[in-house]
Participant: 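The structure is given below, and queries will be raised subsequently.
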Amino acid sequence: MALVVYWYDFVCFGIVGVAMVWALLGIWKKEGASERFEDSTVYESLLVTRPDAEVFVSALPKGHVSTSQLWTSCWKGLHPGWLFAFRFVSFLVMAGFLAWDVLAWDASIFVYYTEWTFTLVMLYFGLGTIVSGYGWWLSSNKPVSANGTRRDLEENTYRQNGNNRTIKLQSHYAQEEIQLRAGFWGYLMQIAFQTCAGAVVLTDVVFWCVIVPFLSTSHLGLNVLMGCMHTLNAFFILLDTSLNSLPFPWFRLSYFVLWSCLYVIFQWVIHALGFPWWPYPFLELDTPWATLWYFCMALLHIPCYGIFALIIKAKYTIFPKLFPHAFMRPY
């Protein structure tokens, strides 16, 4: 076995283990279908709506994604076809660069976190293309009202209900859209989007601020292909963020943490099976500094996710002021 375990490595194992347990507990608590919320709290589950006879959810739930949010833009008048086209082009461009990377280095490039993240972003745009295409088709088959809006969007409007700060879905159609279709596609897209957001920031910060200036090697350094991959991932996800209507609740940091933990465990497994070298020096277990590296990388997830959360906050703070008649808050 190529993996030699020292006493301090058990601290590294513990750091990853605690992070995984924390992430799984957070997912179970926030996304669990059996969770019951009081009317005064924000309903954040994407799995099911409440099993009441008349469905009530709290006003503008942070973690909830309605059907139309998956494929409509936060910009008034922007046709769903444009979001579909952008996501489709993004998927094709990223697939092309990933294919170039595989042809240049072979399949062993997937030992890098960069490739994991790049592939996840590409799959997000692939899923987004399918959902946007469906939404485009759905909107084109709905009758247009007198003011030019689609009937399905009108039926998803909510009504504030006085002192108890709840809102009621206006129709059985809207209830079914949120409970079934948004519960499935919204769940997948929301997880992919928020995991991509944190992973892209982590990948690019580590690459441009740590690897390029201090840790460049023949396998891990700056060239045209690597520069493009560590630029396009952020460019496409930020552009999608500026166009889409998806929310960004903090509790889904758990998925980002879980994603990174799975990558680290993957590294441990392949090295235990005889893989000879580490893709990143700060993942090596044969140095007394390993504990500090692992702890720092674990903490780095919080500011990386927080940076993207601040970008989302800035989007909904600045754009409505700059473009009050063109920008709309979806939640």
Side-chain angles (χ1 to χ4, degrees), residues 65 67-105 109-110 112-140 182 184-205 207-208 223-248 252 255-256 259 304-305 307-309 311-312 314-316 319 326-327 330:
V65 178
T67 307
S68 61
Q69 282 181 301
L70 304 176
W71 47 267
T72 57
S73 175
C74 56
W75 296 94
K76 297 177 183 178
L78 187 66
H79 194 276
W82 287 108
L83 191 56
F84 164 81
F86 164 72
R87 285 172 170 169
F88 182 54
V89 170
S90 300
F91 172 78
L92 292 180
V93 171
M94 297 192 73
F97 273 92
L98 186 62
W100 179 11
D101 205 12
V102 172
L103 291 175
W105 294 99
I109 59 152
F110 286 101
Y112 292 103
Y113 189 80
T114 294
E115 315 305 325
W116 280 46
T117 299
F118 199 86
T119 302
L120 181 63
V121 177
M122 183 189 72
L123 292 176
Y124 163 73
F125 281 114
L127 177 60
T129 299
I130 296 172
V131 172
S132 295
Y134 168 78
W136 185 8
W137 173 84
L138 187 67
S139 65
S140 65
F184 177 73
W185 291 109
Y187 187 79
L188 291 179
M189 283 196 64
Q190 191 68 28
I191 291 173
F193 173 63
Q194 294 192 242
T195 304
C196 287
V200 163
V201 175
L202 176 62
T203 300
D204 290 356
V205 166
F207 181 78
W208 292 109
N223 53 50
V224 174
L225 178 58
M226 292 300 290
C228 289
M229 294 189 71
H230 286 88
T231 304
L232 289 176
N233 58 1
F235 173 77
F236 284 132
I237 202 70
L238 285 173
L239 193 53
D240 186 81
T241 300
S242 69
L243 296 174
N244 70 36
S245 298
L246 297 175
F248 202 83
R252 291 198 180 96
Y255 291 103
F256 171 36
W259 173 258
C304 286
Y305 192 85
I307 287 172
F308 213 93
I311 293 174
I312 299 292
K315 167 186 172 180
Y316 289 113
F319 284 175
F327 187 85

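Computed from a prediction, not measured in an experiment: that's the story for all the values here.
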Participant: Count the heavy atoms belonging to other residues, nucleotides or ligands that lie under 6.0 Å from CZ of F88, then report whether that count exceeds 12.
Facilitator: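 No, because the 6.0 Å sphere around CZ of F88 holds 12 heavy atoms or fewer from other groups.
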Participant: Can you list the residues that meet the side-chain contact (heavy atoms from CB on, under 4.5 Å) rule with L238, with sequence neighbours excluded?
Facilitator: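 L238 satisfies side-chain contact (heavy atoms from CB on, under 4.5 Å) with F308, I311 only.
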Participant: Under the rule for salt bridge (charged side-chain N to carboxylate O under 4.0 Å, His left out), what residues qualify as partners of D101, not counting sequence neighbours?
Facilitator: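 With sequence neighbours excluded, D101 shows a salt bridge (charged side-chain N to carboxylate O under 4.0 Å, His left out) to no residue whatsoever.
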Participant: Can you list the residues that meet the side-chain hydrogen bond (donor to acceptor under 3.5 Å, both in side chains) rule with T195, with sequence neighbours excluded?
Facilitator: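 Partners of T195 by the side-chain hydrogen bond (donor to acceptor under 3.5 Å, both in side chains) criterion come out as none, since no residue qualifies.
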Participant: What closest approach, in Å, do H230 and D204 show between heavy atoms, and which atom pair accounts for it?
Facilitator: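 Taking every non-hydrogen atom into account, O-OD2, 3.1 Å.
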Participant: For the pair Y305 and F256, name the ring-plane relationship: parallel under 30°, tilted 30 to 60°, perpendicular over 60°.
Facilitator: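 Ring orientation, 0 to 90° scale: parallel.
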Participant: Going by the rule side-chain contact (heavy atoms from CB on, under 4.5 Å), which residues pair with W116 if we only count those two or more places apart in sequence or in a different chain?
Facilitator: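 Once residues adjacent in sequence are excluded, the partners of W116 under the side-chain contact (heavy atoms from CB on, under 4.5 Å) criterion are W259, Y263, F266.
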Participant: Could you list all the salt bridge (charged side-chain N to carboxylate O under 4.0 Å, His left out) pairs where at least one residue sits in residues 188-198, not counting sequence neighbours?
Facilitator: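 Applying salt bridge (charged side-chain N to carboxylate O under 4.0 Å, His left out) to every pair that reaches into residues 188-198, excluding sequence neighbours, yields nothing.
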Participant: Nearest 0.5 Å, please: how far is CZ in F193 from CG in D240?
Facilitator: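 Those atoms lie 6.0 Å apart.
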Participant: Could I get the full list of side-chain hydrogen bond (donor to acceptor under 3.5 Å, both in side chains) partners for S90, not counting sequence neighbours?
Facilitator: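 Result, side-chain hydrogen bond (donor to acceptor under 3.5 Å, both in side chains) vs S90: none returned.
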Participant: Tell me whether the rings of F84 and W136 are parallel (<30°), tilted (30 to 60°) or perpendicular (>60°).
Facilitator: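 Taking W136 first and then F84, their aromatic rings sit tilted (interplane angle of 30° to 60°).
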Participant: In terms of relative ring orientation, are F97 and W100 parallel, tilted or perpendicular, with 30° and 60° separating the classes?
Facilitator: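 The rings of F97 and W100 sit tilted, inter-plane angle from 30° to 60°.
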Participant: Do you know the tightest heavy-atom contact between F91 and M122?
Facilitator: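 The answer is CD1-O, 3.2 Å.
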